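Step one of this worksheet: look at the structure below.
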Amino acid sequence: MNDTLYNDAILKLATDNPIDERLIDPQGTSERRSPICGSRVTVDVNLGPDGRVSEAGMLVRACALGQASSSLLAANVIGRTPAELAAARDALTAWLAREGELPDWPGLDVLTPALGYHARHASIRLAFEAAAEAAERAQDPTKGD
């Protein structure tokens, strides 16, 4: 294991996901999988009357980086709009590709050591991709068809 990549902060996040159960009857759900490493993240969301995420559920079966990224998403997903989640997903993708600035999402800077490990990027993006898609489906249920 590379100590620079798998530092204490990433390993702590990997074990501290504040959302560790799925929702029973979510308005929107999405599962994403990384074909490179097999990591898999499922995100469920419910939107409140204001269109913001009011509840979230997750099932994370991922490497330490995917787990850490999922924890960062989970800690800050409540209260976000589908548009904000899509923007975070897109900003994370751009940042990992070194085509954008560090996304405005609390804690993502801990993943900076992974920038040079392209094969790990898909796992890092999983939770953000699944959350954005789940929120979009919750907003427009026909999107899941």
Side-chain angles (χ1 to χ4, degrees), residues 1-97 102-141 143-145:
M1 202 184 277
N2 184 323
D3 291 335
T4 303
L5 180 58
Y6 295 102
N7 60 49
D8 290 343
I10 287 173
L11 294 175
K12 180 167 177 19
L13 278 170
T15 62
D16 286 343
N17 193 329
I19 300 175
D20 63 355
E21 293 182 353
R22 304 247 347 245
L23 296 179
I24 293 172
D25 190 21
Q27 294 171 332
T29 190
S30 177
E31 179 182 275
R32 294 294 190 164
R33 183 180 148 304
S34 169
I36 294 173
C37 65
S39 290
R40 186 181 311 256
V41 175
T42 304
V43 176
D44 304 316
V45 300
N46 286 332
L47 301 179
D50 61 357
R52 295 180 177 277
V53 175
S54 60
E55 295 179 290
M58 295 179 84
L59 177 63
V60 180
R61 299 290 183 253
C63 65
L65 291 169
Q67 290 176 35
S69 178
S70 295
S71 291
L72 292 171
L73 173 86
N76 296 285
V77 70
I78 303 298
R80 302 287 181 146
T81 66
E84 289 171 331
L85 292 173
R89 173 203 58 211
D90 296 346
L92 178 60
T93 299
W95 177 65
L96 288 170
L102 178 68
D104 184 21
W105 193 276
L108 278 179
D109 59 320
V110 75
L111 298 172
T112 300
L115 285 173
Y117 295 86
H118 182 42
R120 304 288 192 230
H121 294 180
S123 184
I124 292 169
R125 291 191 315 263
L126 292 176
F128 284 84
E129 290 173 350
E133 185 172 76
E136 183 180 329
R137 288 177 175 171
Q139 189 175 41
D140 181 358
K143 295 282 185 177
D145 296 338

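In this text, all values refer to a predicted model and were calculated from it rather than measured experimentally. Scope of the values below: all heavy atoms of this structure, side chains included, with no hydrogens, waters or symmetry mates.
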Side-chain touch [X]/[Y], heavy atoms, less than 4.5 angstrom:
X: Val77; Y: Ile19; result: yes
X: Leu111; Y: Leu72; result: yes
X: Leu47; Y: Pro82; result: yes
X: Phe128; Y: Val41; result: no

If every non-hydrogen atom of [X] is compared with every non-hydrogen atom of [Y], which pair is closest and at what distance?
X: Arg125; Y: Thr93; result: CD-OG1, 3.2 Å
X: Ala130; Y: Ser30; result: O-CB, 3.4 Å
X: Ala138; Y: Val45; result: CB-CG2, 3.9 Å
X: Leu92; Y: Ile124; result: CD2-O, 3.9 Å
X: Ala131; Y: Leu85; result: O-CD1, 3.8 Å
X: Ala14; Y: Ala64; result: CB-O, 3.6 Å

Would you say [X]'s side chain and [Y]'s backbone share a donor-acceptor pair under 3.5 angstrom?
X: Ser123; Y: Arg120; result: no
X: Ser39; Y: Ala62; result: no
X: Asn17; Y: Leu13; result: no
X: Thr81; Y: Gly51; result: no
X: Ser70; Y: Gly66; result: yes
X: His121; Y: Leu115; result: yes

Next on the checklist: Counting only heavy atoms from other residues, nucleotides and ligands, does the tally under 6.0 Å from CG of Asp104 exceed 12?
Outcome noted: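 Incorrect, the count does not exceed 12.
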Next on the checklist: Checking Thr42 against Thr29 for the side chain to side chain contact (heavy atoms under 4.5 Å, CB included) test, could you report, in this order, the C-alpha distance in whole Å, the side-chain angles of both residues, the deciding distance, and whether it holds?
Outcome noted: CA-CA 7 Å; Thr42 304; Thr29 190; 3.9 Å; yes
Next on the checklist: Cation-pi check for Trp105 against Arg80: NZ or CZ below 6.0 Å from the six-membered ring centre and within 45 degrees of the axis, yes or no?
Outcome noted: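 That pair qualifies as a cation-pi contact.
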Checklist entry - Going from CG on Leu11 to CD on Gln67, what distance comes out if it is rounded to the nearest 0.5 angstrom? => result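 Between atom CG of Leu11 and atom CD of Gln67 there are 9.5 Å.
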Checklist entry - When rounded to the nearest 0.5 angstrom, what distance separates CG in Asp44 from CZ in Arg137? => result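 Answer rounded to 0.5 Å: 11.0 Å.
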Next on the checklist: Which residues pass the side-chain hydrogen bond (donor to acceptor under 3.5 Å, both in side chains) test with Gln27, not counting sequence neighbours?
Outcome noted: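 If we apply the side-chain hydrogen bond (donor to acceptor under 3.5 Å, both in side chains) test to Gln27, skipping adjacent residues, there are no hits.
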Item to check | Glu84 with Arg52: basic N within carboxylate O range, under 4.0 Å | outcome: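 Yes, this pair counts.
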Next on the checklist: One pair to check against salt bridge (Lys or Arg N to Asp or Glu O under 4.0 Å): Glu133 and Arg32. What are the steps and the verdict?
Outcome noted: CA-CA 10 Å; Glu133 185 172 76; Arg32 294 294 190 164; 3.3 Å; yes
Listing, residues 54-61 side-chain donor-acceptor contacts under 3.5 Å, not counting sequence neighbours, or none:
residue: Ser54; atom: OG; partner: Asn46; partner atom: O; Å: 3.2
residue: Glu55; atom: OE1; partner: Asn46; partner atom: ND2; Å: 2.8

